[in-house]
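Labels below follow one simple rule: chain letters A, B, ... track the order of the sequence lines, proteins then strands, and each chain is numbered from 1. Remember, it's a predicted structure, so these values are computed and weren't measured experimentally.
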There are 2 protein chains.
Amino acid sequence: MTNGIDPAPQEGTRARKRRETLARITEAGITLFLEKGYDATTLDDIAARAGISRRNFFYYFKSKDEILLSLQSGMGEMIVDALRQQPVDQPPLEAVRDAVLKVCAIFPTDEMIAIDQLMRTNPVVQARKQASMVEHEATLYAALREKWPAPDQAIRLRMVAMMAMGAIRLATDSLHHEGGKRAFTDILAGNFAALRDTA
Amino acid sequence: MTNGIDPAPQEGTRARKRRETLARITEAGITLFLEKGYDATTLDDIAARAGISRRNFFYYFKSKDEILLSLQSGMGEMIVDALRQQPVDQPPLEAVRDAVLKVCAIFPTDEMIAIDQLMRTNPVVQARKQASMVEHEATLYAALREKWPAPDQAIRLRMVAMMAMGAIRLATDSLHHEGGKRAFTDILAGNFAALRDTA
DNA sequence: CAAGAATCTCGCACTCAGTGTAAGATGCAG
DNA sequence: CTGCATCTTACACTGAGTGCGAGATTCTTG
């Protein structure tokens, strides 16, 4: 659940203010979404609470749903970073599995459920979430190709990226339907095991 | 690319008119989208061309993007039907592969490219398309469970459904980037082969 | 430090998708 | 024929997102 708001070595006034405003908008959005629901929360509400004009909201986010989407926008890069640190002598699918498990262990399960719940209330948001998974899939595929550049591996690596992101997606789905009985990483590990046994 | 407009044994005046109006709206939409682009086409344009009021459009479609989405809404059911006719002694992934290949052979490649191109022009439409793939995935999973009801197979079958729909999605992606060099079914078959070799 | 560029902020006016309502027209079943 | 469900329309409204232009703030460079 990382947005692009965290660190900043040597940042000037401008960068600091931007970061702060971004954080204020995000917090205002999440709070109001949880309070009155996604659809019932207008951009006027969010802007007022964040202390900015409605017009200026669009200088920070392209659309209302980006507030929620930004919460998981960092995941793609995090997985890629973790993947780069895996040994090369592993089979690709196992390397990705280990990387994904490391990254997902960071996110608190209850927070994931809350955000997921929120996204399910609006079909467009839900759809964009799936689309962002597809983007992460593409990012992951690029990283896999860097690590295993042999051309005859390309199709296989594309499938690996697809399966890995699919495993994550189905794990969040199970998490939602189980309501938190099993830990996220356990479900995820089970999915990867099923993948290996299947194909 | 089947919408719910085709057959109708014993249909009354009402059902016939509804079918005709639905077809007129769809045709008006597609024509205008291809002519002026998706975003530049307003619901007023579509309604005028289809000979209905703007308000009445929403009696046939929930939203503008549903015109495009409806073009592939039948695919899930078609795959499921094809799957039911596969022999049971096959491994699940192979049964799904054969079913998918049969269904996809029906759709003309050039039409698929045209619709796909259209959808790529608008991020929300694109996102909803991915979301509809996820729905088809769920439908497929349900059908797989019917055919192989053993409880210990459940997770595996969920992965199979995910991989199959993923293979289709990545095939349309390749189709788009290659611009029609290879036939769709060839790409798809290649993807399934890569799946089997990988996991 | 001064001046100009780049970034940020706002208000206003506008387009368009989508919804609520209420009233009229048309097809259907008893 | 008559009541009921379906279809159709016009009107008014909310809210997301964009274009524009003008003012303020921060950064950069001479």
Side-chain angles (χ1 to χ4, degrees), chain A residues 4-5 8-26 28-29 32-33 35-70 119 121-128, chain B residues 4-5 8-26 28-29 32-33 36-70 118-119 121-128:
Chain A
I5 310 182
Q10 299 288 60
E11 71 173 0
T13 310
R14 184 169 277 170
R16 199 200 69 239
K17 277 193 177 178
R18 182 170 187 85
R19 194 172 41 78
E20 287 171 352
T21 308
L22 210 49
R24 242 169 33 242
I25 296 174
T26 305
L32 289 169
F33 292 160
E35 210 171 279
K36 352 189 319 188
Y38 178 83
D39 288 318
T41 303
T42 69
L43 289 183
D44 279 304
D45 296 337
I46 298 172
R49 176 145 190 155
I52 59 170
S53 71
R54 195 184 80 98
R55 187 65 186 83
N56 208 25
F57 168 86
F58 293 100
Y59 195 76
Y60 289 88
F61 291 97
K62 278 208 277 284
S63 57
K64 184 175 159 186
D65 48 27
E66 263 206 0
I67 298 176
L68 287 173
L69 262 2
S70 73
M119 288 181 156
T121 63
N122 182 287
V124 173
V125 177
Q126 182 67 10
R128 295 200 93 145
Chain B
I5 310 181
Q10 299 288 61
E11 69 174 0
T13 311
R14 185 168 276 170
R16 200 200 70 240
K17 277 194 178 177
R18 180 168 188 87
R19 195 172 41 77
E20 286 171 353
T21 308
L22 210 48
R24 240 166 38 240
I25 296 174
T26 305
L32 289 169
F33 292 159
K36 356 190 312 188
Y38 179 82
D39 288 318
T41 303
T42 70
L43 290 182
D44 278 305
D45 297 336
I46 298 172
R49 177 142 190 157
I52 59 169
S53 70
R54 195 183 80 97
R55 187 66 185 82
N56 208 23
F57 168 86
F58 293 100
Y59 196 77
Y60 289 88
F61 291 98
K62 279 208 276 284
S63 57
K64 184 175 160 184
D65 47 29
E66 263 205 1
I67 299 176
L68 288 173
L69 263 0
S70 72
L118 217 41
M119 288 182 157
T121 63
N122 181 287
V124 173
V125 178
Q126 180 68 11
R128 295 200 92 146

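If you find the closest nucleotide of DNA chain D to A:R55 and to A:D39, the one lying nearer the 5' end belongs to A:D39.
Each of C:dA17, C:dT9, D:dT26 was ranked by its minimum atom distance to the side chain of A:Y59; first place goes to C:dT9. Listed candidates were C:dT9, D:dG15, C:dC16. Nearest to the side chain of A:T42 is D:dG15.
Under 4.0 angstrom from either OP1 or OP2 of C:dC8 there lies at least one side-chain N or O belonging to A:R18. Taking 4.0 angstrom as the limit, A:K17 places none of its side-chain polar atoms (N or O) nearer than this to OP1 or OP2 of C:dC8. Under 4.0 angstrom from either OP1 or OP2 of C:dT9 there lies at least one side-chain N or O belonging to A:Y60. Regarding contacts with the backbone of C:dC8, every side-chain N or O of A:T21 stays at 4.0 angstrom or more from both OP1 and OP2. Between A:N56 and the phosphate of C:dC8, there is no side-chain N or O to OP1/OP2 separation shorter than 4.0 Å.
One atom, CG of B:D44, and another, P of D:dT9, lie 13 Å apart when rounded to the nearest Å. Between the CZ atom of A:F58 and the C1' atom of C:dC10 there is a distance of 14 Å, rounded to whole Å. The interatomic distance linking A:F61 (CZ) with D:dG17 (P) rounds to 13 Å, in whole Å. We find that CD of A:E11 is positioned 15 Å from C1' of D:dC27, with the value rounded to whole Å. Across the protein-nucleic acid pair, B:I46 atom CD1 and C:dG18 atom P stand 10 Å apart, rounded to whole Å.
More than 12 heavy-atom neighbours from other residues, nucleotides or ligands sit within 6.0 angstrom of NZ on A:K36.
In the interface, the side chain of B:R16 is not paired with the base of C:dG27 through any donor and acceptor atom under 3.5 Å apart. Judged by distance alone with a 3.5 Å cut-off, no donor-acceptor contact links the side chain of A:R54 to the base of D:dG15.
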>> As a quick check of understanding, evaluate side chain to side chain contact (heavy atoms under 4.5 Å, CB included) for B:M119 and B:D65, giving each step before the final call.
In response: CA-CA 9 Å; B:M119 288 182 157; B:D65 47 29; over 6 Å; no
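Residues A:E20 and A:R16 are paired through a salt bridge, judged by an N-O separation under 4.0 Å between the basic side chain and the carboxylate.
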